[in-house]
Amino acid sequence: MSGFDIWGYHPNAGYLRGTDIVGYKVEATDGTIGKIDKHSEDVGASYVVVDTGVWILGKHVLLPAGTIERIDMIGETVYVNRTKDQTKDAPEYDEAKRAGESSYLERFGRYYRPHVEGGCGRVRPNAPGP
């Protein structure tokens, strides 16, 4: 089992606390999945919400900060270690439930943790460099 916290940024991802990444394009390992609609820096619960637009009919998907491989501040692009299918199959983000349920993020943790612990959390070798 991995000691990595999926709710925290990888130290080498290039994230700087206080940076507004809303509006950044999000790239999965196999193509574009949308743009960041919301971003949380909460300690132990950092995440981004991706608006998938017309790709999955406007679905909003929550990605824990630990799924982010790298942030290109100049290109305003976030690279995640998820495929498009993993993103499509992820639970949909619901702002009303997030506000009303203290354990809401646990649902996402159950979905993403096996992907990270199963080896999917490694940086892919063909990811564009900084």
On a heavy-atom basis, which atom in [X] and which in [Y] lie closest, and how many Å separate them?
X      : Y      : result
Ile6   : Gly109 : CD1-CA, 3.8 Å
Ala28  : Lys84  : CB-N, 3.9 Å
Tyr111 : Gln86  : OH-O, 2.6 Å
Tyr112 : Leu62  : OH-O, 2.7 Å
Pro64  : Tyr47  : CA-CB, 4.1 Å
Ala45  : Ser40  : O-OG, 3.5 Å

request  = Starting from the C-alpha separation in whole Å, work towards a yes-or-no answer on side chain to side chain contact (heavy atoms under 4.5 Å, CB included) for Val78 and Ile36.
outcome  = CA-CA 9 Å; Val78 172; Ile36 295 178; 3.6 Å; yes

Between [atom1] of [X] and [atom2] of [Y], what distance do you get to the nearest 0.5 Å?
X     : Y     : atom1 : atom2 : answer
Arg82 : Lys88 : CZ    : NZ    : 16.0 Å
Thr83 : Asp30 : OG1   : CG    : 5.5 Å
Ile71 : His10 : CD1   : NE2   : 11.0 Å
Lys35 : Thr52 : NZ    : OG1   : 13.5 Å
Asp72 : Ile74 : CG    : CD1   : 6.5 Å

key: Test side-chain hydrogen bond (donor to acceptor under 3.5 Å, both in side chains) applied to Thr19 - qualifying residues, sequence neighbours left out   =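 Per chain and number, Thr19 pairs via side-chain hydrogen bond (donor to acceptor under 3.5 Å, both in side chains) with no residue.
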
query = Would you find a donor on one side and an acceptor on the other, under 3.5 Å apart, between the side chain of Thr67 and the backbone of Val80?
reply =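 Judged by distance alone, no pair lies under 3.5 Å.
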
message = Could you check whether any side-chain N or O of Lys38 sits under 3.5 Å from a backbone N or O of Val48, counting only pairs where one atom can act as donor and the other as acceptor?
response =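 A pair under 3.5 Å: no.
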
task = Please determine which of Ile21, Val50, Asp51, Asp37 meets the side-chain contact (heavy atoms from CB on, under 4.5 Å) test together with Val26.
result =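 That would be Val50.
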
Contacts of Lys25 that satisfy side-chain contact (heavy atoms from CB on, under 4.5 Å) - sequence neighbours left out =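 Per chain and number, Lys25 pairs via side-chain contact (heavy atoms from CB on, under 4.5 Å) with Glu27, Thr32, Thr77.
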
query = Who pairs with Asp20 by side-chain contact (heavy atoms from CB on, under 4.5 Å), at least two apart in sequence or on another chain?
reply =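 Scan of Asp20 (side-chain contact (heavy atoms from CB on, under 4.5 Å), adjacent residues dropped) gives Val22.
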
task = Any ring-ring contact (aromatic ring centres under 6.0 Å, His included) involving residues 19-45? Give me the pairs, sequence neighbours left out, ordered by first then second residue.
result =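 Checked against ring-ring contact (aromatic ring centres under 6.0 Å, His included) - neighbours excluded - the pairs reaching residues 19-45 are Tyr15-His39.
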
task = Go through the steps to decide whether Ile68 and Tyr79 satisfy the test side chain to side chain contact (heavy atoms under 4.5 Å, CB included), and finish with yes or no.
result = CA-CA 6 Å; Ile68 296 173; Tyr79 296 89; over 6 Å; no

key: Contacts of type ring-ring contact (aromatic ring centres under 6.0 Å, His included), residue Phe108, not counting sequence neighbours   =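 Result, ring-ring contact (aromatic ring centres under 6.0 Å, His included) vs Phe108: Tyr104.
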
